[in-house]
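Working notes for the structure below.
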Amino acid sequence: ESAFYLSNQQKITENLTLDYGLRYSIFQNIGKATVNKVDDNYNVVGDTTYGRGEIYNTYHGLEPRIGLNYVLSDNQSVKASYSKTRQYLLIASNSNTGSPLDVWVSANPNIKPQVADQYSLGYFRNFMDNRIETSLEFYYKNMQNQIAFDEFAQPQFNPDMEEDLRFGKGKAYGLELMIRKNTGRLSGWLSYSYSRSMRKINDIQEKDWYPSPYDRPHDLTLVAMYDLTPRVSLSANWTIKSGRPLNAPAARYEYGNLVIPYYPGRNQDRMPTYHRLDLGITIQAKKKPNRNFHGEWVFSIYNAYGHKNADALYFTQSTNTPYKTKAMRTSYFSFFPSVSYNFEF
């Protein structure tokens, strides 16, 4: 992967600043490699072998970007931006259990790179002599060449994974609100975002837009840091967010000796709401004159109150009532302590 870019910042008026640039990216697949041939029905019908160092596929394109910053007064401004990006390393997710199987794949003759156009608009204002910063931003992102697995795909058992891949488009939009305090013994921020991430993939059961595996509409985070002494600081981080989407069966039917689940749509259900509290204390070593070495101890607890967030959700047949299906939740961690020592010289 190679890229060339040029950018410039230009002050148009006393209050208006313009940032603009152009990036040109190039991605090439280079052998030694054996690449499958896939027909229009997603069946592998053969393969082609390429020698070591042979360039057998190339993607390239322009990626313009522009940003505007208009200063309304000494403590407030408005910003707007647009950018086009290309992504050549892609993630395909299978969210049947609520624990996405993420498979990283490279763009190749069978998989086009993802292309995105993102627009954003934000309002920024400071209070109390710039001790308090606030911001409100809106964004919209349009994406092409999105990748997803087909219904009931089992990519970990299929050597020809291309047969399980389907392609389409995506969109993401939302707003982000932040209040930040940067000065004083007590600092930190409060942030909230409402965001949606949707996809529309060809040749799958869901014909319309559906939530992507990363669609989590609500996300609230509170971070606080307190300097107890010049050498000792405390920190706390509490977050709560919507659960990940998953495919949950709404019914099931029998076909011969098989019991087959029925799914009304892709990613139409969600995992339970996720939340946790992280705590930490940092103790810095005494600084000695004429000595560049400086270290600190960090003690922390991940998920301090031990909430068992759901990492995966499975659906199994009830042992007491065979015709009923029950959901089984898996949680990998409750609370997790850690100790680290950092140093610089």
Side-chain angles (χ1 to χ4, degrees), residues 7 9 11 14-19 65-83 85 116 118-141 172-197 214-243 273-284 294 296-305 307 309 336 338 340 342 344:
S7 63
Q9 184 180 89
K11 199 171 182 64
E14 181 73 18
N15 297 329
L16 179 62
T17 303
L18 176 65
D19 289 277
R65 61 278 319 273
I66 185 171
L68 296 171
N69 182 11
Y70 186 79
V71 177
L72 299 172
S73 66
D74 292 339
N75 65 344
Q76 57 182 328
S77 63
V78 175
K79 299 179 182 180
S81 67
Y82 162 77
S83 65
T85 56
Q118 179 162 316
Y119 310 83
S120 66
L121 176 65
Y123 173 70
F124 302 81
R125 180 163 183 168
N126 295 348
F127 298 89
M128 301 175 62
D129 295 328
N130 295 327
R131 293 195 295 270
I132 303 294
E133 299 178 358
T134 65
S135 63
L136 176 63
E137 295 185 81
F138 302 87
Y139 71 91
Y140 179 84
K141 190 173 185 179
Y173 55 89
L175 63 88
E176 299 175 349
L177 173 66
M178 175 173 284
I179 303 174
R180 180 192 296 268
K181 182 178 183 291
N182 294 320
T183 60
R185 296 180 65 180
L186 177 63
S187 60
W189 67 85
L190 172 67
S191 66
Y192 169 75
S193 66
Y194 174 78
S195 58
R196 300 305 309 267
S197 176
Y214 308 103
D215 179 68
R216 307 180 80 163
H218 301 284
D219 189 331
L220 177 68
T221 300
L222 175 62
V223 176
M225 294 163 286
Y226 183 73
D227 295 329
L228 193 62
T229 70
R231 294 176 44 228
V232 180
S233 61
L234 308 177
S235 64
N237 177 7
W238 183 73
T239 183
I240 181 170
K241 63 181 69 177
S242 304
T273 300
Y274 178 97
H275 60 89
R276 76 171 198 270
L277 172 67
D278 302 334
L279 299 176
I281 179 171
T282 301
I283 304 175
Q284 300 183 17
H294 178 66
E296 64 179 19
W297 287 96
V298 180
F299 303 88
S300 62
I301 300 179
Y302 175 90
N303 193 14
Y305 51 74
H307 178 67
N309 290 295
F336 191 85
S338 66
S340 63
N342 307 317
E344 57 184 22

Partners of [X] by side-chain contact (heavy atoms from CB on, under 4.5 Å), sequence neighbours excluded?
X: F138; result: L136, L175
X: R180; result: E133, M178, N182, W189
X: V298; result: T282, E296, S340, N342
X: Y82; result: P64, I66, K84, D117, Y119

Closest approach of D227 to G184 (non-hydrogen atoms, all atoms of both residues) =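 That would be OD2-O, 4.4 Å.
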
Can you name the closest pair of heavy atoms from T273 and N309 and give their distance?
->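 Here T273 and N309 meet closest at O-OD1, 4.0 Å.
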
Can you find a pair of side-chain heavy atoms, one from [X] and one from [Y], that are under 4.5 Å apart?
X: K79; Y: F124; result: yes
X: R131; Y: K181; result: no
X: D19; Y: N69; result: no
X: F127; Y: N75; result: no
X: N130; Y: D74; result: no
X: Y226; Y: R185; result: yes
X: Y123; Y: E137; result: no

Side chain to side chain contact (heavy atoms under 4.5 Å, CB included) assessment of V78 paired with L121 | CA-CA 8 Å; V78 175; L121 176 65; 4.0 Å; yes

When rounded to the nearest 0.5 angstrom, what is the spacing between [atom1] in [X] and [atom2] in [Y]?
X: N237; Y: Y302; atom1: CG; atom2: OH; value: 10.0 Å
X: I301; Y: S338; atom1: CD1; atom2: OG; value: 9.0 Å
X: I132; Y: I179; atom1: CD1; atom2: CD1; value: 8.5 Å
X: Y214; Y: S197; atom1: OH; atom2: OG; value: 9.5 Å
X: F299; Y: I283; atom1: CZ; atom2: CD1; value: 5.0 Å
X: L16; Y: S77; atom1: CG; atom2: OG; value: 11.5 Å

For a quick test of your reading: what N or O donor-acceptor pairs under 3.5 Å do the side chains of residues 216-225 make, sequence neighbours left out?
residue	atom	partner	partner atom	Å
R216	NE	S242	O	2.7
R216	NH2	S242	O	3.2
H218	ND1	Y192	OH	2.7
D219	OD1	T221	OG1	3.4
T221	OG1	T239	OG1	3.4

Under the ring-ring contact (aromatic ring centres under 6.0 Å, His included) rule, collect the residues that match up with [X], sequence neighbours excluded.
X: W297; value: Y341
X: F336; value: F333
X: H307; value: H275

For [X], all residues meeting side-chain hydrogen bond (donor to acceptor under 3.5 Å, both in side chains), sequence neighbours excluded:
X: T229; result: none
X: T17; result: none
X: R65; result: none

State whether Y173 and K141 meet the cation-pi test: NZ (Lys) or CZ (Arg) under 6.0 Å from the six-membered ring centroid, and within 45° of the perpendicular axis.
->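 No; the conditions do not both hold, so K141 does not lie above the ring face of Y173.
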
Residue pairs involving residues 186-197 (criterion salt bridge (Lys or Arg N to Asp or Glu O under 4.0 Å); sequence neighbours excluded) |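 Sorted pair list: R196-D215.
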
